[in-house]
Structures are given as C-alpha cells and as structure tokens.
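Quick notes on the structure that follows.
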There are 2 protein chains.
Amino acid sequence: MARTLASGPDTDTRERILDAARELFVAHGVAQTTMRALGARLGMTAPAIYHHFADKDALVRELVLADMSRLAAAFARAARVADPVERLQSIGMAYVRFGIEHPEHYRFLFLTPDAKQGLEEEIQCRMNEAPEQDAYHLLQVTVAEAIENGRFGPLYHDVDRVSQICWATVHGIVSLHIVFSTQPWLTWRETSVTAERMLAAMTHGMQQGATG
Amino acid sequence: MARTLASGPDTDTRERILDAARELFVAHGVAQTTMRALGARLGMTAPAIYHHFADKDALVRELVLADMSRLAAAFARAARVADPVERLQSIGMAYVRFGIEHPEHYRFLFLTPDAKQGLEEEIQCRMNEAPEQDAYHLLQVTVAEAIENGRFGPLYHDVDRVSQICWATVHGIVSLHIVFSTQPWLTWRETSVTAERMLAAMTHGMQQGATG
DNA sequence: GGGGTCCGCTTAACACTGTTAAGCTCCCTC
DNA sequence: GAGGGAGCTTAACAGTGTTAAGCGGACCCC
C-alpha cells in the first residue's frame, strides 16, 4: 500500500512533514496544532510522524533553526549600508519587518522560551559553525564599528550592552505588536512607523557626548 | 470528613486555592501546573477546585487581574515626580522592576496572549470602573503632559505613539531579560542598568527639535 | 526465482491532561 | 428529626503526546 512511484528516497516525506507543520504552526499556533491533525493533513496517521522525528519538540526545533537562518539572511541583505549607525537602523527595520510578516515564526523564536528548552547547545554549535549566519553577531559587529568610530557617547561604549539595547528596542515594538495590537482598549499606531521613530530616537539619544 | 473547625464561610478555601495556584504558577509556569497537582497541594482532589472556579482559565484570569492592580499600584508610587520626562523614566523603571521581580507574573501578563483570550472585555470593563488603576492610562497622561510642555520634538507629538514607544522600550528589555538572559550564547548585561540607559537615550532622542 | 531483511506505515494502547457526572457526608435550618 | 445544600469524593470521558506490536511491500543476495 506504500507509494510505488518515485518521490525521493526518504527525505521527501520528511520535507513534506516539515512544510505541513510550518503551515499549521503558523496558522493556528504550535500548541493548538495536534500531531493527529498534522498526520491527517499529510494523509497518514500520527505515529507515522515519529518515524521521521523524535517528538513534537524536534519538529519545532528544526523549524526554529531554519527560521533563524532566514532572519540572518534578511539581516545580511539589510547590512549593506556604509554608515554603521544607519546600518543599525537598517537591520533594525529588517528585524521589525521579519516580525510583522512572520508573527508566528517570531512568536516561537523569541516569545516562547519553553519551545527552545534544551536547545541552547545546538544553537551555540550552529552559530560556531556558521558565524555569518548569526544575527546577534552581526549586530555586535555593527555596534562595535559605530563605537570605534566614536559615534556613541561614553555611557554607550559597551558593545554587549548597546547591542542588547538595540535588540530590546526592536524586540519591544515587535512583541507588543504581536501580542497587543489587536486589543480594543488601546488605539494602536502603525508598527513600522513607530519602529522607525524609536530607532531614530534611540540612536540619536546614544550619541549624547559622542566624540565623532 | 469535612473540617469542623471554623475557617470562614466559603471564601476561605477559595483564597487558599488562589494562593496555592499563584505559588505553583510562579514556580513552574501555568502550563506545567496541573489541576491535580494543585489539588494535591491543597489536600483535596482536582474536581473540588471546580466548585470554586469555573475552569483553569478562570483561575489564571483572577490572578492576572489582581496582578494588573499590583502593577498599577507600583506605577502610582513611581509617578510622584514633578517633571513629566523624569516621571516617564521613573514609571519606566517601576515597570522594569516589576518584570524582574515577578517574571512569571510578567510572563502571563504580557508574554502569553492566549492566556487572556476572551478577557479583553473584562479588562476594558475593569479599566472603565477604576481608571486610576489603568497603567496604560497613567502612561498616556504623563506623555501628554510632556508633549504639552513642549518637551518632545515634532516627530513625537502623538500621545498614543509616544506612549507605545515608551512601553515598547521597557517591555523590550524586560522580555529579553526573561527569555534570553540565561542563554549561554550571549553575555547578558545587568538588566536594570541597561534599562536606565535605554530610557535615558530614548527620552533624550525624542527631545530632538523640542520647543521647550 | 526464493528467502531474508528492513523501511514506512497502521492499529492498539498507555499515561497524562482538563473537565463533567453522580453520589456521599456532614452541617444548618425548620 | 426530616430536608436540603455546601463541599467534597470517586468514576469516567474526550483529548493530548507518545510507544509497542505487527503488517505489507520493496529491495538485496544467494
């Protein structure tokens, strides 16, 4: 009863599972997506999935790592700006766009730490292998360049701290957008405009007392 | 077999359930806390809880609303600063302190929207009843005062947008702290210091072209 | 060509979750 | 003392992720 026509050796259905899982996770969220529903979507039963993935977490893990690479790629595209401070704003906006366009991806990349429990080593390994794919590293490099060029004031000379400030800035607006923009008790302003003004104010504010 | 000694009419065990639930939720998270475990902690079975609360969500809901009042109280204390811009920084730091000291409370107040699904009307109602307990409203009022006093530049004259910028700033650093500060692949800087510098840079940056 | 083996899948089942239904016990009231 | 209800119990249901056992066809080697 197995398929007789060729469709790849065995990695094919594995890919099909990943695609369907991403689709359902993005559409209805990870928790609401049941293994049985995922199996039904693929025309097979739930336990069949366990022949390709250890468990549900492994599925989530694989998608998370893929999305991190995708984000890093968007970063690399946004990083082609000469001036380091302008570059910070550029990759900041790339981050915001990623969050707005892929809210469910963003949610389980940056909003659900439980989904990544025990994933730290793998992330670290992956980053050591391909540092150019490490989004945080790119941020650090850009911040370091800005600091070396004397663009920031004396309170903003710590590369890690400034990197975390920049990250927190865009992460704040994106996660508020995802969680609260649909709430009726506040009149939400368009996220991308707010993000631009935030980045402008933040970078300007950090130039207080700059030497360059 | 029920207790014969007086311990209040019926609101007593209700309170005991709430206290135990808060404790377990904070310690292990909402999802990991099972109704049976909560019952065992109280020396009774899980279904007994349903005589006091409709379901698990009702428990979460009650705790969420209580915590929002607690946050609002911290805000009110922090709002006793004359200068509106300094006041913004003061309530911002109160927000950050709340998040650092009660990470699990913060998590299900601001990081897990699903927990509050269908809670919007109740929040809105509660806020209309006691607007002085509405933390966001306090933020808006402070921002409005700063704008009226000409403290912010022309790009930062929209009360809602500036309020959301301020909220996003502190929310960003707090939620990064909660989700990522323990990750080994980044050297996390002390959150409260970073938050202070963020607020300083943000408020300074928004004064670009201010008239007052 | 025939037998062994393994891959991909199915059915059945387990342990666990939140939740509901039925019933039991004690206390209060009349 | 009978009625009734509050507060709890045990039993059970539907749903979850996950595992165990078995079946059918494809492949390989003799």
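Below, chain A is the first sequence line, B the second, and so on; all start at residue 1. Source: prediction; values computed, not measured.
In this entry the distance linking CG of A:Leu42 with C1' of C:dT10 reads 15 Å, nearest Å. In this structure, A:Phe53 atom CZ and D:dG17 atom C1' are separated by 16 Å, rounded to whole Å. Per the geometry, CE belonging to B:Met44 stands 9 Å off C1' belonging to D:dC8, to the nearest Å. Put simply, NZ on A:Lys56 is 16 Å from P on C:dT17, counting in whole angstrom units. When the C1' atom of C:dA21 is taken as reference, atom NE2 of B:His51 falls 10 Å away, rounded to whole Å. For the pair B:Met35 CE and D:dA12 P, the interatomic distance rounds to 21 Å; values are reported in whole Å. If you measure from atom NE2 of A:His52 to atom C1' of C:dC7, you get 9 Å, rounded to the nearest angstrom. At whole-Å resolution of the value, CG in A:Leu59 and P in D:dG17 are 11 Å apart.
Looking at A:Arg41 and A:Glu23, a side-chain N of the basic residue comes within less than 4.0 Å of a carboxylate O on the acidic one, giving a salt bridge. Salt bridge annotation for B:Glu190-A:Arg161: absent, with no cationic side-chain nitrogen under 4.0 angstrom from a carboxylate oxygen. We find that B:Glu62 and B:Arg14 are joined by a salt bridge, their nearest charged nitrogen and carboxylate oxygen being less than 4.0 Å apart.
Distance from the side chain of B:Tyr50 is smallest for C:dG18 among the nucleotides D:dG17, C:dG18, C:dA12. You'll find that the side chain of B:Pro47 is closest to D:dA11, out of C:dG18, D:dA11, C:dT11.
Using a 4.0 Å heavy-atom cutoff across all strands shown, B:Thr45 reaches at least one base atom of the nucleic acid.
The aromatic rings of B:Phe110 and B:Trp167 stand perpendicular to each other, their planes meeting at an angle above 60°, with 30° marking the opposite boundary.
Counting distance only, with no hydrogens placed and no angle test, the side-chain atoms of A:Arg36 and the base atoms of D:dG15 include no donor-acceptor pair under 3.5 Å.
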